[in-house]
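Let me begin by presenting the structure, written as structure tokens, before commenting on it.
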Protein chains: 2
Amino acid sequence: MTEARRGAATLEDVAREAGVSLATASRAVNGSTRNVRPEIRERVERAARALNYTANAQAQAMARGRTNVVGLVVQDIEDPYFSSIAAGAMRVAEANRLIVSIASTQRRPDKEIEYVASLRGLRAAAIVIAGSRTDDREALGRLGEELAAFERSGGRVALISQRRLPVDTVVVANRAGARDLAARLAGLGYRRFGVLAGPPGLLTAADRLDGFAEGLAAAGLSVPPDAVARGDFNRDGGHAAMLRLLDHGPRVECVFAVNDVMAVGAIAALRSRGLDRGVAVAGFDDIVTLRDVTPALTTVRLPLVEIGEAALRMVLSEPAARPRSRRIQGEVVVRESTPGVPSR
Amino acid sequence: MTEARRGAATLEDVAREAGVSLATASRAVNGSTRNVRPEIRERVERAARALNYTANAQAQAMARGRTNVVGLVVQDIEDPYFSSIAAGAMRVAEANRLIVSIASTQRRPDKEIEYVASLRGLRAAAIVIAGSRTDDREALGRLGEELAAFERSGGRVALISQRRLPVDTVVVANRAGARDLAARLAGLGYRRFGVLAGPPGLLTAADRLDGFAEGLAAAGLSVPPDAVARGDFNRDGGHAAMLRLLDHGPRVECVFAVNDVMAVGAIAALRSRGLDRGVAVAGFDDIVTLRDVTPALTTVRLPLVEIGEAALRMVLSEPAARPRSRRIQGEVVVRESTPGVPSR
DNA sequence: CCATGAGCGGAAAGCGCTTTCCCAAACGAG
DNA sequence: CTCGTTTGGGAAAGCGCTTTCCGCTCATGG
């Protein structure tokens, strides 16, 4: 009846308490293909309860040769983009009784590799990586090797929005979304555009910029090179880039920030110059927490939670012969931040 | 030279490749108090590299009797309040080479208990629980038992903002923060207050409400009972509560929403009625992502990242004889959402 | 009434490590 | 030169499970 004085109760304690063998206790309490007579099972279960027994997951993992841990690697858990993806992945994990191990790389590619190695050490069942999108080929190569080693040792991998490695991928249609957005903005009558682009090397940002340019081109418009201001992929980056554009760029009617948090920074910058009603701003992502900023942001809605779900589902499904990819579309949402140009 | 065809390379493979015993390989590659001759160490390390060996963390955990996993239980990772806390905890975890396992309970107390059990099974070194603040005594009791079992089996526990269980706690000064906020708002000339309170049973919300009432009382003011509208602890809850207050409550000059996301919902509600400049709104938390809403929110700044850091540090430090608590203060930040009453 | 096999409990092997214990060699002191 | 003492490699004992294999009991059928 008394709990082990040192450390947790083991299955052996339970077996002894119930007066059965270790094998039987294991079968009764932790499941097995084999049957155990109801009467004995009941006795074991009672013993387990009395001792407050919980199976040692490590030992189970060792014995079974697989774990119920999945790894999730994001760039910055504090960024709502990633926390929404994480929420989706965690929801699916919960439904499958998986434990999720998470790491935030703070955008350092070397950390990413380190975490994958660490998850390989944990013998995680699967890894989902969100947002590894540099064009640093050297880092990408090492990440690829590390992931390949992980897969060879029996793990599964999925990437979010990163087609550059031969593994399952949830592809976010950044380019297409930005193209659609450009078309809509052109339709609203804007002609003189600026773009607040992300830092060089960030592929997500680059795709959105390219898509936007394509969309404008289709409408016979374009973004003059000096109307593209680069900044960090966060609020302050948007703020700074907007100010730079105002001070050194051409006059613009409408600014596309490659994500919502940058757009919010841009609006703050415009407001500080008293221009917040003079220049239209559009973003990308449709971050939930930002749906109430004023003016309400025109943006491309990405189903972030779904993206997280899709990635984990992919990695949990039967492995395919070749890397699969699941494409997820964004949807343009026009709100007050781009009221349109009435005169045209 | 060739990697094991099935599964990952084991330490035994490395030992064989290097021509040493398992014991020596272990000492050379995974550290030990014992020395290994540099020449042999080098040989083992080379073999490990050649085989792309990574120690099986499960096996190490078994053999050593401890893991490098810490568990983090939050209510909703998508909520910026929790994602900031998680970021802080993860930062400290990284510095200590710990792996963090995270779970989002979606505010279901039973899930919380389930996850703790699960972490006990993992033999996690420590658990941090953020935001278990119901007054459901039954659930709290079961959680307490589960945590006690975890501690008896050698794990450490810290709670964030929950003094009701005898474990280490990071106490957030909700009450004091709300009290200070009330004092400042009274100082700004407001007299007729409303409160958008959280759901009944949520202690964080209750503390903030109580503190606010105390602060007003100190200034000879009060919140009439019918000016307290309850709502969920999220944006929509704030929105709905605000509308209810407008429609069924007394006229108010200033509304205190018990957290920032509710405040944002409230502002949206006011705006939908054309009252956004007529009623002042204050929040609590100072969520980073919401710093650019307009009007800029008066709120109580909580150092959320620090709170997460403090909790994990606490749980990693030497265990104390009795539960410790570390108190963290908020700081009132007055912004445009409470411009003050000029006439007074 | 005996051969057959289904059903189920138990002994023991094994998962991949760490660590204790043992032992040989090298070394320093008397 | 002898006798402790280090020093460092290797054998083996676990860590807490799962699972294979073995063997006993009982039901079944020819």
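In what follows, every heavy atom counts, from backbone to side chain, and hydrogens, waters and symmetry copies are set aside.
As a whole-Å value, the separation of Arg16(A) CZ from dA11(C) P is 13 Å. We find that CD of Glu12(A) is positioned 9 Å from P of dC17(D), with the value rounded to whole Å. To the nearest angstrom, P of dG9(D) lies 14 Å from CG of Leu22(B). dC15(C) atom C1' lies 16 Å from atom CG of Leu11(A), rounded to whole Å.
Ser101(B) approaches Val69(B) most closely through the heavy-atom pair CB-CG1, 4.1 Å. Closest heavy-atom contact between Ala310(A) and Arg326(A): CB-NH1, 3.4 Å. A pairwise comparison of heavy atoms in Phe82(A) and Asp76(A) identifies CB-O, 3.4 Å as the closest pair. Considering all non-hydrogen atoms of both residues, Leu316(B) and Val92(B) come closest at CD2-CG1, 4.2 Å.
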Under the criterion salt bridge (Lys or Arg N to Asp or Glu O under 4.0 Å), I'd like the reasoning laid out for Arg324(A) against Glu318(A): C-alpha separation, chi angles, the key distance, then a yes or no. CA-CA 11 Å; Arg324(A) 285 166 298 189; Glu318(A) 279 306 300; over 6 Å; no
Could you go step by step and tell me if Val70(B) and Val128(B) meet the side-chain contact (heavy atoms from CB on, under 4.5 Å) rule? CA-CA 8 Å; Val70(B) 297; Val128(B) 171; over 6 Å; no
Produce the list of close N/O pairs, under 3.5 Å, pairing protein atoms with atoms of nucleotides 21-27 of chain D; give distances to one decimal.
{"from": "dC21(D)", "atom 1": "N4", "to": "Arg34(A)", "atom 2": "NH1", "distance (Å)": "3.2"}

Between the protein and nucleotides 24-28 of chain C, are there any N/O to N/O pairs under 3.5 Å, and if so, what are the atom names and distances?
none

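With distances taken from any side-chain atom of Asn30(B) to the nucleotides dG9(D), dC17(C), dC17(D), the minimum falls on dC17(C). For Met62(B), taking side-chain heavy atoms from C-beta onward, the closest of the listed nucleotides dG14(D), dC17(D), dG16(D) is dG16(D).
In the model, Arg120(B) has a side-chain atom that pairs as donor or acceptor with a side-chain atom of Asn52(A) under 3.5 Å. Defined by atom type and a distance below 3.5 Å, a donor-acceptor pair is present between the side-chain atoms of Glu78(B) and Ser84(A).
No salt bridge links Glu94(A) with Arg91(A); every basic N to acidic carboxylate O contact stays at or beyond 4.0 Å. At a threshold of 4.0 Å, the pair Glu42(A)-Arg46(A) counts as salt-bridged, since one of the basic side-chain nitrogens sits closer than that to a carboxylate oxygen. In summary, Glu138(A) and Arg142(A) engage in a salt bridge, as defined by a charged side-chain N under 4.0 Å from a carboxylate O.
Between dT18(C) and Ser26(B), a contact under 4.0 Å exists linking OP1 or OP2 to a side-chain N or O. Between dG8(D) and Asn35(B), a contact under 4.0 Å exists linking OP1 or OP2 to a side-chain N or O. The phosphate of dA11(C) (OP1 or OP2) has no side-chain N or O of Ser21(A) nearer than 4.0 angstrom.
Non-hydrogen atoms lying under 4.0 Å from DNA chain D are contributed by nothing in residues 37-45 of chain A.
Mapping Val36(B) and Tyr53(A) onto DNA chain D by nearest heavy atom places Val36(B) closer to the 5' end of the strand.
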